[in-house]
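Positions are given from 1 along the sequence.
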Amino acid sequence: MSNQQGRDDVRNSPVQVRIPIMLSLALAGGMVIGATLLGGSSKVSDVSAGYDKFRQVLNRIERDYVDSVSTAELVDYSISKMLEKLDPHTAYLTAEEAVAARSQLESGFDGIGVEFNIQNDTVYVVTPLFGGPSEEIGIQSGDRILSVDGSPLSGPGATNTRVFKMLRGKRGTKVKLEIARNGAKKPIMFEVTRNRIPTYSVDAAYMAGKDVGYIKVTRFSESTYDEFKKALGMLKEKGMNRLILDLRGNPGGYMEKAVNMADEFIAGDKLLVYTKGKRAGMDKESRAHIAGIFEEGPIVVLVDEGSASASEILAGALQDQDRALVIGRRTFGKGLVQMPLKLDDNSELRLTVSRYYTPSGRSIQKPYEMGHSEEYGKDLSNRYDSGEFFHADSIHLNKKLRYTTVGGREVFGGGGIMPDVFVPRDSSRNSNYLFELRGKNILRDFALKYAALNQQGLLKKPFESFFSDFQVNEPMLKEIVRESEKQGIVFHEKEYQKSKAQIQLEIKALIGRYVWGRQRKDGLSNEIYQIINPSDPVFQVALRQFGNAAALEKGKFGQMRLK
């Protein structure tokens with residue numbers, strides 16, 4: 001960019017020098033995209049003209065605008081607003097946002113190793129992660145982090161982003177924490193040496209019956225396939241012949257991890273998923289190619305409206321190849337493929353370049369209108385209001401998007417994966433009182449304190465004894481009510497009675513996790529699911545559907561009774 005010769009002979013400021021780099025996303029980078037993806041000199045010319053116009057506007061703002069402004073912030077804002085004219089999943093991330101987003105899919109991170117929660121502008125340690133540096137030096141559940149390296153961490157500035165930024169860092173580096181602890185008259189100072197903290201995406205893997213295995217996958221990250229394969233092999237060794245694969249609430253992640261998991265179940269070279277884009281280079285198909293661990297044996301897959309993207313790829317492949325029975329509610333419907341493009345300033349463009357299709361040809365993506373992301377974001381609320389979460393007949397299938405599985409079963413496109421067996425959302429124990437208890441972490445905080453005070457006594461018996469004998473009694477419930485009132489939650493007798501059994505269930509599950517889960521190093525939270533699943537209607541339906549899953553696997557569709 002040449003110097004601007006004006007009345008004041010304004011020269012390039014540091015911000016102006018950065019402008020071309022930042023514009024590489026919005027416009028200069030768009031020239032490359034236009035030439036390769038769109039094709040045609042007219043498109044390149046349009047982008048070039050747009051770049052020139054944008055450059056002129058930014059120059060005049062920087063040079064002549066009456067107040068001082070951040071040109072970098074203006075560029076970020078303009079890029080974000082421009083992308084709103086595209087599909088709902090094309091996105092621009094600042095450098096800080098890109099780092100945070102990538103960290104969610106990594107197999108671990110460098111930090112001090114604590115699970116934290118922010119309540120009333122205070123950062124509480126929920127639990128120090130097992131084997132991490134914080135646990136090793138004695139940081140405890142319930143500790144409050146007041147400052148980090150002398151910088152206050154409490155107050156209105158206590159956000160998740162700020163906490164991550166201050167606590168994470170290169171392994172081997174040291175950080176000083178000022179900790180407030182119940183019972184301590186003054187703050188305690190700790191010096192923690194950061195280390196690698198593993199994160200896990202397989203949340204549970206246990207035997208749910210004599211020959212029934214249960215695996216819960218919460219996302220598809222770098223390590224998901226390795227974790228899953230290890231869990232699957234472990235359950236096979238324990239005698240698993242039937243499997244429940246729980247993908248509820250799984251927002252997706254890396255597609256190849258879902259494809260690899262599908263390959264463990266599907267034999268031969270059958271199609272698993274394919275993509276189609278504007279350019280031939282974006283068209284790709286993935287097929288089974290390995291001898292999987294569990295290519296024979298009935299499978300039930302659990303899904304709901306929170307199952308998206310890679311979860312839908314896996315569920316769709318198993319359904320279309322008649323390899324598994326899908327149970328639950330219609331999935332989210334995210335079937336657009338984003339290519340991450342890292343820019344010179346470490347920001348990132350996630351550009352939609354193709355669509356996912358299941359083996360039968362169904363598009364996973366639900367309908368959307370370009371430039372109307374706000375309406376798109378209301379889809380789940382609209383599903384709730386229409387009764388779709390509670391009544392199967394409230395789901396309106398597009399009869400024009402009719403497809404068949406390899407065995408001839410009828411399935412439908414139009415957005416998401418429709419389950420073979422619908423199970424409504426259970427709201428029989430829900431109440432506003434319960435939501436408030438969860439929202440202010442009353443249940444979790446109580447379970448943490450109880451586990452810390454009673455851990456030694458509880459560990460004298462195996463988890464199986466706790467599972468069968470332990471009860472959250474009335475004195476414990478009264479303490480929870482007292483604490484909730486201190487936190488400003490108004491007691492409602494009717495709502496309390498409606499949710500009482502659920503409160504007891506969740507408290508017991510959390511205590512089980514905090515006491516026995518920390519004894520292992522595999523990252524699994526089996527105790528929570530072992531306690532909650534017997535009361536979960538979807539799980540119970542899954543156990544009753546193995547006969548249909550077995551008939552499906554053997555191609556005996558006429559023997560199936562899908563109710």
Side-chain angles (χ1 to χ4, degrees), residues 23-54 78-93 98 101 220 252-259 271-287 308-313 316-317 320 331-344 347-377 379 398 400-401 403 413-417:
L23 288 181
S24 62
L25 165 64
L27 301 159
M31 294 174 66
V32 178
I33 295 170
T36 56
L37 296 184
L38 303 176
S41 59
S42 63
K43 292 293 184 181
V44 175
S45 178
D46 289 346
V47 172
S48 179
Y51 172 79
D52 186 61
K53 181 187 293 186
F54 199 32
S78 62
I79 292 169
S80 297
K81 297 301 289 185
M82 175 178 65
L83 297 183
E84 287 180 5
K85 292 293 184 181
L86 304 181
D87 67 273
H89 294 292
T90 290
Y92 168 69
L93 305 179
F220 291 87
Y254 292 125
M255 180 191 80
E256 63 269 24
K257 307 304 178 183
V259 170
L271 184 62
L272 304 177
V273 67
Y274 66 94
T275 60
K276 294 182 69 175
K278 181 177 292 184
R279 292 193 296 118
M282 298 302 174
D283 297 349
K284 180 182 178 182
E285 65 175 33
S286 299
R287 292 182 172 273
S309 189
S311 295
E312 297 172 292
I313 290 172
D320 280 6
T331 60
F332 182 85
K334 196 274 186 184
L336 297 177
V337 185
Q338 282 71 52
M339 175 184 289
L341 302 171
K342 189 174 181 180
L343 305 169
D344 290 344
S347 60
E348 185 173 287
L349 169 65
R350 296 191 172 182
L351 184 69
T352 296
V353 295
S354 58
R355 288 180 171 84
Y356 293 120
Y357 295 86
T358 69
S360 68
R362 291 181 288 167
S363 170
I364 295 172
Q365 179 61 42
K366 60 189 174 185
Y368 65 90
E369 187 176 350
M370 295 277 280
H372 290 76
S373 296
E374 185 176 343
E375 283 302 311
Y376 182 83
D379 177 63
N398 189 338
K400 295 180 180 179
L401 300 176
Y403 300 84
I417 302 299

Please evaluate residues Lys366 and Asp379 with respect to the criterion side chain to side chain contact (heavy atoms under 4.5 Å, CB included), reporting the C-alpha separation (whole Å), side-chain torsions for both, the decisive distance (0.1 Å), and the verdict. CA-CA 9 Å; Lys366 60 189 174 185; Asp379 177 63; 2.8 Å; yes
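- There is a side-chain donor-acceptor pair under 3.5 Å between Thr352 and Gln338.
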Could you go through the side chain to side chain contact (heavy atoms under 4.5 Å, CB included) check for Ile417 and Arg362 one step at a time? CA-CA 9 Å; Ile417 302 299; Arg362 291 181 288 167; 4.2 Å; yes
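- Qualifying ring-ring contact (aromatic ring centres under 6.0 Å, His included) partners for Tyr357, counting only residues two or more places apart in sequence or in other chains: Tyr274.
- At least one test fails for Lys81 against the ring of Tyr92: distance under 6.0 Å to the centre or angle within 45° of the axis.
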Would Ser373 and Glu84 satisfy side chain to side chain donor-acceptor pair (under 3.5 Å), going step by step from the backbone distance to the final call? CA-CA 7 Å; Ser373 296; Glu84 287 180 5; over 6 Å; no
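- Considering every non-hydrogen atom in both Phe332 and Glu312, the closest pair reads N-OE2, 3.4 Å.
- Atom-to-atom distance recorded for Lys257:NZ and Ile313:CD1 is 13.5 Å, nearest 0.5 angstrom.
- Across all non-hydrogen atoms, the minimal contact from Thr358 to Ile364 is CG2-CG1, 3.9 Å.
- Side-chain contact between Lys85 and Met370: absent, with no pair of heavy atoms (C-beta onward) separated by less than 4.5 Å.
- The backbone N or O of Gly277 lies less than 3.5 Å from a partner atom in the side chain of Asp283, making a donor-acceptor pair.
- Considering only heavy atoms from C-beta on, Ser363 stays 4.5 Å or farther from Tyr356 through its side chain.
- Heavy-atom minimum distance, Gly316 versus Pro359: O-CD, 4.1 Å.
- Of the inter-residue distances, the one linking Leu336 atom CG with Thr275 atom OG1 reads 12.0 Å to the nearest 0.5 angstrom.
- One finds the OG atom of Ser354 at 8.0 Å from the CE atom of Met339 (value rounded to the nearest 0.5 Å).
- The CD atom of Gln365 sits 5.0 Å away from atom NE2 of His89, with the distance rounded to the nearest 0.5 Å.
- Annotation: side chain of Arg350 is not in contact with side chain of Leu341 (no heavy-atom distance under 4.5 Å).
- In this structure, Lys276 places its NZ atom where only 12 or fewer heavy-atom neighbours from other residues, nucleotides or ligands lie under 6.0 Å away.
- The environment of CZ in Arg355 is sparse: at most 12 heavy-atom neighbours from other residues, nucleotides or ligands sit within 6.0 Å.
- Asn398 places no side-chain N or O within 3.5 Å of a backbone atom of Gly414 that could act as its donor or acceptor partner.
- Contact record, Arg287 with Leu271: NH1-N, 3.5 Å, taken as the closest heavy-atom pair.
- Rounded to the nearest 0.5 angstrom, Thr90 OG1 and Asp87 CG are separated by 3.5 Å.
- Taken to the nearest 0.5 Å, the CG atom of Leu351 stands 7.5 Å off from the CG atom of Leu86.
- Here the closest heavy-atom approach between residue Pro88 and residue Tyr376 is recorded as CB-CD2, 3.3 Å.
- Across all their heavy atoms, Ser309 and Gly252 have their closest contact at CB-CA, 4.1 Å.
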